J.: 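Submitted below is the structure of interest, expressed as structure tokens.
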Amino acid sequence: MGNPSSTSPDSQEPQAISSSDVTTTAKPDEISPPYTPNVMRFLEGTGISIPIAENYSSEDFYSDLLCNHLKVGTVRRGHVTCFTTVKPTITNAFGGLHGGVVAAMAERVAIATARTVVGEDKDMFLGELAMSYLSSATTDAELIVEGSVVRSGRNLTVIEIGFKMRETGKLVYSSHATLYNTPIAKL
């Protein structure tokens with residue numbers, strides 16, 4: 001635990017208590033639970049206490065983050081292949097590719113794959129994304145991400161996405177996405 005903020009002890013205002021850059025508020029007469037230092041050490045160890053740089057909260061930072069890790073291999077009608085290498089910035093506390101990153105990449109590949117068969121005159125939105133985490137891809141593992149159209153109709157497109165280890169071809173993550181196609185509204 002850090003030091004309380006510089007408000008006077010007689011004040012009844014909540015005080016900020018910090019550990020590195022993580023802050024919580026507590027009333028002056030409250031005593032921290034005995035496990036608080038352990039929780040704070042855990043959060044610091046996972047990087048939660050690291051402040052977010054200002055440019056990371058900019059509009060569409062999410063796209064820039066993913067684009068730095070996902071490289072396009074081939075694009076054909078109904079099929080997209082991408083490559084990624086698991087870097088420490090996108091791993092979980094156990095050193096494997098973070099599940100949220102897997103889902104975000106699956107969504108991006110699904111949309112790109114659907115765009116190979118759905119015209120630009122239609123908007124698309126994700127209606128369903130099902131993920132199966134079959135194994136783990138550890139730091140520096142190279143993955144092949146393949147998206148294939150299962151079905152494409154007038155109103156919806158179904159995409160299957162597979163994440164395979166480049167070296168062995170082992171399937172580590174599998175995904176199934178349903179995208180709804182809607183005509184662009186003319187205002």
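These figures come from a predicted structure and were not determined experimentally.
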J.: What distance do His69 atom NE2 and Lys87 atom NZ have between them, rounded to the nearest 0.5 Å?
T.: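 One finds 8.5 Å between NE2 of His69 and NZ of Lys87.
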
J.: Is a side-chain donor or acceptor of Ser175 paired with a backbone partner of Ala130 at a separation under 3.5 angstrom?
T.: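 Yes; at least one donor-acceptor contact below 3.5 Å.
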
J.: With a 4.5 Å limit on heavy-atom distance, are the side chains of Thr84 and Val101 in contact?
T.: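 Side-chain contact under 4.5 Å: no.
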
J.: Can you find a pair of side-chain heavy atoms, one from Met165 and one from Leu143, that are under 4.5 Å apart?
T.: yes

J.: Could you give the distance from OG1 (Thr182) to CG (Leu156), rounded to the nearest 0.5 Å?
T.: 12.0 Å

J.: Output yes when a side-chain donor or acceptor of Lys122 lies under 3.5 Å from a complementary backbone atom of Arg154, and no otherwise.
T.: yes

J.: For Val117, check side-chain contact (heavy atoms from CB on, under 4.5 Å) against everything at least two apart and list the hits.
T.: Arg77, Val149, Ser152, Thr157

J.: Could you tell me which non-hydrogen atom of Ser135 sits nearest to which non-hydrogen atom of Lys170, and how far apart they are?
T.: OG-NZ, 3.2 Å

J.: With a 4.5 Å heavy-atom cut-off, do Ile111 and Leu179 have their side chains touching?
T.: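 When only atoms from C-beta onward are counted, Leu179 and Ile111 do touch, with a gap below 4.5 Å.
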
J.: Give the intermediate values and the outcome of side-chain contact (heavy atoms from CB on, under 4.5 Å) for residues Val109 and Leu70.
T.: CA-CA 9 Å; Val109 172; Leu70 200 56; 4.0 Å; yes

J.: One pair to check against side-chain contact (heavy atoms from CB on, under 4.5 Å): Arg115 and Glu120. What are the steps and the verdict?
T.: CA-CA 8 Å; Arg115 273 289 165 214; Glu120 290 293 325; 3.6 Å; yes

J.: Do Ile90 and His98 come within less than 4.5 Å of each other through their side chains, counting heavy atoms only?
T.: no

J.: Got a second to check how far Glu167's CD is from Glu142's CD, nearest 0.5 Å?
T.: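 So the gap between those two atoms works out to 8.5 Å.
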
J.: How long is the gap from CZ on Arg166 to OG1 on Thr85, to the nearest 0.5 Å?
T.: 7.5 Å

J.: Between Thr81, Ile161, Val75, Ile159, which is the residue that forms a side-chain contact (heavy atoms from CB on, under 4.5 Å) with Thr113?
T.: Ile159

J.: State, with a plain yes or no, whether a side-chain heavy atom of Val86 is found less than 4.5 Å away from one of Thr138.
T.: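 No; the side chains remain at least 4.5 Å from each other.
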
J.: So which heavy atom on Lys164 is nearest to which on Leu171, and how close?
T.: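 Heavy atoms only, the tightest pair is CG-CD1, 4.0 Å.
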
J.: Provide the closest heavy-atom pair for Asn181 versus Gly153 in the form atom of the first, atom of the second, distance.
T.: ND2-O, 3.5 Å

J.: Given side chains that start at C-beta, do those of Tyr173 and Met105 come closer than 4.5 Å, heavy atoms only?
T.: no

J.: Would you name the heavy atoms of Ala103 and Leu129 that are closest together and state the gap between them?
T.: O-CD2, 3.6 Å

J.: Walk me through whether Phe83 and Ile144 qualify under side-chain contact (heavy atoms from CB on, under 4.5 Å).
T.: CA-CA 5 Å; Phe83 302 98; Ile144 301 169; 3.8 Å; yes

J.: Between Ser174 and His176, do the side chains contain an N or O donor and an N or O acceptor separated by less than 3.5 Å?
T.: no

J.: Quick one: pull up CD in Glu160 and NE2 in His79 and give me the separation to the nearest 0.5 Å.
T.: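 Result: 10.5 Å between the selected atoms.
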
J.: So, the side chain of Tyr133 versus the backbone of Gly99: is there a donor-acceptor pair under 3.5 Å, distance only?
T.: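 Yes.
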
